[in-house]
Q: 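The structure's right below; bear with me while I get my questions together.
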Amino acid sequence: MNSTMQFHNYPAEARIGRANQVYDENDIRQITGTIAVDPKTNKVLVISSSKHRNVWVLPKGGWESDETKEQSAIRETYEEGGVLGNIKGLVGNFMDYDSYGELKGNVWFYEFEVQQILDQWPEMHFRKRRWCTFEEAMDLLRFKPFMRQALLASSFAPKDNTFQSA
(Lines give C-alpha, C1' and ligand atoms only; values in the text may rest on other atoms or scores of the structure.)
Protein backbone atom coordinates (compact mmCIF):
# COMPACT_ATOMS: atom_id res chain seq x y z
CA MET A 1 0.00 0.00 0.00
CA ASN A 2 1.31 3.42 -0.88
CA SER A 3 -0.79 6.36 0.30
CA THR A 4 0.17 9.96 -0.32
CA MET A 5 -1.49 13.26 0.41
CA GLN A 6 -1.04 16.78 -0.87
CA PHE A 7 0.96 18.38 1.93
CA HIS A 8 0.74 21.91 0.59
CA ASN A 9 -2.95 21.77 1.56
CA TYR A 10 -2.10 21.42 5.24
CA PRO A 11 -2.68 24.51 7.33
CA ALA A 12 0.01 25.93 9.58
CA GLU A 13 -2.22 25.19 12.59
CA ALA A 14 -3.17 21.74 13.87
CA ARG A 15 -6.82 20.69 13.88
CA ILE A 16 -8.50 21.25 17.23
CA GLY A 17 -11.58 19.70 18.79
CA ARG A 18 -13.41 16.44 18.41
CA ALA A 19 -16.54 17.47 16.49
CA ASN A 20 -15.54 15.39 13.43
CA GLN A 21 -14.03 12.43 15.30
CA VAL A 22 -14.87 8.91 14.17
CA TYR A 23 -16.32 6.49 16.76
CA ASP A 24 -17.16 2.82 16.22
CA GLU A 25 -20.47 1.10 16.91
CA ASN A 26 -19.47 0.72 20.59
CA ASP A 27 -18.76 4.47 20.89
CA ILE A 28 -14.99 3.87 21.02
CA ARG A 29 -12.89 6.71 19.59
CA GLN A 30 -10.88 5.74 16.51
CA ILE A 31 -7.30 7.01 16.48
CA THR A 32 -4.50 6.72 13.93
CA GLY A 33 -0.76 6.91 14.38
CA THR A 34 2.54 6.08 12.76
CA ILE A 35 5.81 4.39 13.28
CA ALA A 36 7.74 6.94 11.25
CA VAL A 37 11.18 5.73 10.18
CA ASP A 38 13.79 7.86 8.44
CA PRO A 39 15.32 5.55 5.80
CA LYS A 40 18.52 7.65 5.76
CA THR A 41 19.30 6.94 9.43
CA ASN A 42 17.03 3.94 10.13
CA LYS A 43 15.74 5.73 13.23
CA VAL A 44 12.14 6.07 14.42
CA LEU A 45 10.43 9.31 15.40
CA VAL A 46 9.16 9.79 18.95
CA ILE A 47 7.63 13.02 20.19
CA SER A 48 7.03 14.54 23.59
CA SER A 49 3.58 14.08 25.06
CA SER A 50 1.35 17.14 25.04
CA LYS A 51 -0.16 16.10 28.39
CA HIS A 52 2.62 14.58 30.48
CA ARG A 53 6.04 16.06 31.08
CA ASN A 54 8.97 13.74 30.31
CA VAL A 55 6.73 11.20 28.56
CA TRP A 56 7.46 10.26 24.94
CA VAL A 57 4.94 8.91 22.44
CA LEU A 58 4.51 7.96 18.81
CA PRO A 59 2.63 10.48 16.63
CA LYS A 60 -1.11 9.77 16.82
CA GLY A 61 -4.46 11.48 16.99
CA GLY A 62 -8.14 11.30 16.21
CA TRP A 63 -9.33 10.00 12.88
CA GLU A 64 -11.78 12.54 11.44
CA SER A 65 -14.81 11.90 9.26
CA ASP A 66 -13.49 13.85 6.26
CA GLU A 67 -10.41 11.66 5.80
CA THR A 68 -9.34 8.03 5.49
CA LYS A 69 -7.44 6.34 8.31
CA GLU A 70 -4.27 6.62 6.23
CA GLN A 71 -4.80 10.33 5.57
CA SER A 72 -5.42 10.87 9.28
CA ALA A 73 -2.16 9.10 10.17
CA ILE A 74 -0.21 11.20 7.65
CA ARG A 75 -1.81 14.42 8.93
CA GLU A 76 -1.14 13.61 12.59
CA THR A 77 2.51 12.79 11.84
CA TYR A 78 2.87 16.14 10.06
CA GLU A 79 1.09 18.14 12.78
CA GLU A 80 2.83 16.55 15.76
CA GLY A 81 6.20 15.50 14.39
CA GLY A 82 6.89 17.77 11.45
CA VAL A 83 7.63 15.07 8.92
CA LEU A 84 6.20 14.23 5.52
CA GLY A 85 6.21 10.85 3.86
CA ASN A 86 4.22 7.81 2.79
CA ILE A 87 2.26 5.08 4.49
CA LYS A 88 3.95 1.74 3.82
CA GLY A 89 1.35 -0.52 5.43
CA LEU A 90 -0.84 -1.23 8.43
CA VAL A 91 0.93 -2.56 11.53
CA GLY A 92 -2.35 -3.28 13.34
CA ASN A 93 -4.81 -1.83 15.78
CA PHE A 94 -4.12 -1.54 19.50
CA MET A 95 -6.33 -0.64 22.45
CA ASP A 96 -5.36 2.37 24.56
CA TYR A 97 -6.51 2.39 28.19
CA ASP A 98 -6.42 5.19 30.74
CA SER A 99 -4.82 4.84 34.18
CA TYR A 100 -8.13 3.49 35.56
CA GLY A 101 -8.27 0.68 33.00
CA GLU A 102 -11.03 2.33 30.96
CA LEU A 103 -10.79 1.99 27.19
CA LYS A 104 -9.84 5.36 25.65
CA GLY A 105 -9.49 4.43 22.01
CA ASN A 106 -8.73 1.99 19.25
CA VAL A 107 -5.42 3.05 17.69
CA TRP A 108 -4.57 2.06 14.10
CA PHE A 109 -0.78 2.22 13.63
CA TYR A 110 0.83 2.45 10.20
CA GLU A 111 4.40 2.11 9.07
CA PHE A 112 5.48 5.44 7.61
CA GLU A 113 8.52 6.15 5.45
CA VAL A 114 9.84 9.64 6.12
CA GLN A 115 10.63 11.63 2.99
CA GLN A 116 11.08 15.11 4.44
CA ILE A 117 11.86 16.49 7.91
CA LEU A 118 10.49 20.00 8.30
CA ASP A 119 12.03 22.85 10.28
CA GLN A 120 8.59 24.22 11.13
CA TRP A 121 5.36 22.38 11.87
CA PRO A 122 2.06 23.11 13.65
CA GLU A 123 2.92 21.72 17.11
CA MET A 124 6.62 22.62 17.18
CA HIS A 125 6.21 25.13 20.02
CA PHE A 126 4.98 22.55 22.52
CA ARG A 127 6.40 19.24 21.28
CA LYS A 128 9.95 18.00 21.00
CA ARG A 129 10.97 15.25 18.60
CA ARG A 130 13.69 12.64 18.87
CA TRP A 131 15.08 10.14 16.40
CA CYS A 132 15.76 6.82 18.11
CA THR A 133 17.06 3.34 17.58
CA PHE A 134 14.57 0.57 18.29
CA GLU A 135 15.98 0.03 21.79
CA GLU A 136 15.93 3.75 22.61
CA ALA A 137 12.32 4.04 21.41
CA MET A 138 11.24 1.03 23.48
CA ASP A 139 12.78 2.64 26.55
CA LEU A 140 11.21 6.05 25.91
CA LEU A 141 7.78 4.45 25.29
CA ARG A 142 7.85 2.58 28.62
CA PHE A 143 4.78 4.49 29.87
CA LYS A 144 2.78 3.55 26.78
CA PRO A 145 2.53 -0.26 26.58
CA PHE A 146 0.26 -0.25 23.51
CA MET A 147 2.84 1.83 21.62
CA ARG A 148 5.57 -0.63 22.57
CA GLN A 149 3.32 -3.43 21.27
CA ALA A 150 2.91 -1.58 17.97
CA LEU A 151 6.65 -1.01 17.67
CA LEU A 152 7.31 -4.70 18.37
CA ALA A 153 4.76 -5.67 15.70
CA SER A 154 6.35 -3.41 13.07
CA SER A 155 9.08 -4.21 10.57
CA PHE A 156 11.29 -1.78 12.55
CA ALA A 157 11.57 -4.41 15.33
CA PRO A 158 14.69 -6.61 15.29
CA LYS A 159 14.21 -9.67 13.10
CA ASP A 160 15.98 -11.98 15.56
CA ASN A 161 13.56 -11.26 18.46
CA THR A 162 16.46 -10.55 20.78
CA PHE A 163 14.85 -7.50 22.37
CA GLN A 164 14.16 -7.99 26.06
CA SER A 165 11.69 -5.54 27.56
CA ALA A 166 12.84 -4.13 30.88
Q: Using a 4.5 Å cut-off on heavy atoms from C-beta on, say whether the side chain of Glu111 contacts that of Phe156.
A: no
Q: Check whether Ile117 and Ile87 end up in the same hydrophobic cluster, where Ile, Leu, Val, Met, Phe, Trp and Tyr are linked by side-chain heavy atoms less than 4.5 Å apart.
A: yes
Q: Nearest 0.5 Å please: distance from the CD atom of Gln115 over to the NZ atom of Lys40.
A: 9.5 Å
Q: Find out whether Phe112 and Leu58 are in side-chain contact, i.e. whether some heavy atom of one side chain is under 4.5 Å from a heavy atom of the other.
A: no
Q: Is there a donor-acceptor pair closer than 3.5 Å between any side-chain N or O of Lys144 and the backbone N or O of Leu140?
A: no
Q: Answer with yes or no whether the hydrophobic clustering places Val55 together with Leu141; edges join I, L, V, M, F, W, Y residues whose side-chain heavy atoms lie under 4.5 Å apart.
A: yes
Q: If you compare all heavy atoms of Arg29 against all heavy atoms of Gln21, which two are closest, and at what distance to 0.1 Å?
A: NE-OE1, 2.7 Å
Q: With rounding to the nearest 0.5 angstrom, report the OG1 to CD1 distance, Thr77 to Ile35.
A: 10.5 Å
Q: For Asn42, enumerate each residue passing the side-chain hydrogen bond (donor to acceptor under 3.5 Å, both in side chains) test, keeping only those at least two apart in sequence or located in another chain.
A: none
Q: Run the side chain to side chain contact (heavy atoms under 4.5 Å, CB included) test against Arg142 and tell me which residues pass, sequence neighbours left out.
A: Asp139, Arg148
Q: In Å and rounded to the nearest 0.5 Å, what is the CE to CZ distance from Met124 to Arg129?
A: 8.0 Å
Q: Please evaluate residues Leu118 and Tyr78 with respect to the criterion side-chain contact (heavy atoms from CB on, under 4.5 Å), reporting the C-alpha separation (whole Å), side-chain torsions for both, the decisive distance (0.1 Å), and the verdict.
A: CA-CA 9 Å; Leu118 304 172; Tyr78 159 72; 3.6 Å; yes
Q: Should Leu103 and Val107 be counted in the same cluster of Ile, Leu, Val, Met, Phe, Trp and Tyr side chains packed under 4.5 Å apart?
A: no
Q: Would you name the heavy atoms of Ala157 and Phe134 that are closest together and state the gap between them?
A: CA-CE1, 3.6 Å
Q: Between atom OG1 of Thr133 and atom CD of Glu135, what is the distance when rounded to the nearest 0.5 Å?
A: 5.0 Å
Q: Give a yes or no on whether the backbone of Glu123 and the side-chain of Glu80 come within a donor-acceptor separation of less than 3.5 Å.
A: no
Q: Within the structure provided, determine whether Trp131 and Leu45 are in side-chain contact (heavy-atom separation under 4.5 Å).
A: yes
Q: Tell me, do Ser50 and Arg127 make a side-chain contact under 4.5 Å, heavy atoms counted?
A: yes
Q: If you apply the rule side-chain contact (heavy atoms from CB on, under 4.5 Å), what do you find for Glu70 with Trp108, and how did you get there?
A: CA-CA 9 Å; Glu70 293 86 355; Trp108 301 83; over 6 Å; no
Q: State, yes or no, whether a side-chain contact exists between Glu76 and Thr34 at a heavy-atom distance under 4.5 Å.
A: no
Q: Output the distance between atom CG (Asn106) and atom CG (Asn93), rounded to the nearest 0.5 Å.
A: 4.5 Å
Q: Atom CG of Leu84 and atom CD of Gln116: how far apart are they, to the nearest 0.5 Å?
A: 5.0 Å
Q: Between Met95 and Leu152, is there shared hydrophobic-cluster membership here, with clusters defined by ILVMFWY side-chain heavy atoms closer than 4.5 Å?
A: no
Q: A side-chain contact here means heavy atoms from C-beta on lying under 4.5 Å apart; do Glu136 and Arg130 qualify?
A: no
Q: Ignoring hydrogens, what is the shortest heavy-atom contact between Ile31 and Gly61? Give both atom names and the distance.
A: CG2-O, 3.2 Å
Q: What salt bridge (charged side-chain N to carboxylate O under 4.0 Å, His left out) pairs are there with at least one residue in residues 90-106, not counting sequence neighbours?
A: Asp96-Lys104
Q: Hydrophobic clustering (ILVMFWY, side-chain heavy atoms < 4.5 Å, transitive) - are Leu90 and Leu151 grouped together?
A: yes
Q: Can you tell if the side chain of Ser48 reaches within under 4.5 Å of the side chain of Trp56, non-hydrogen atoms only?
A: yes
Q: So, for Glu113 and Pro39, which heavy atoms are closest and what is the spacing to 0.1 Å?
A: CG-CG, 3.9 Å
Q: Over all heavy atoms of both residues, which pair between Val22 and Ser65 is shortest? Give the atoms and the distance, please.
A: CG2-N, 3.7 Å
Q: Please give me the minimum heavy-atom distance between Cys132 and Val46, naming the atom from each residue.
A: SG-CG2, 3.6 Å
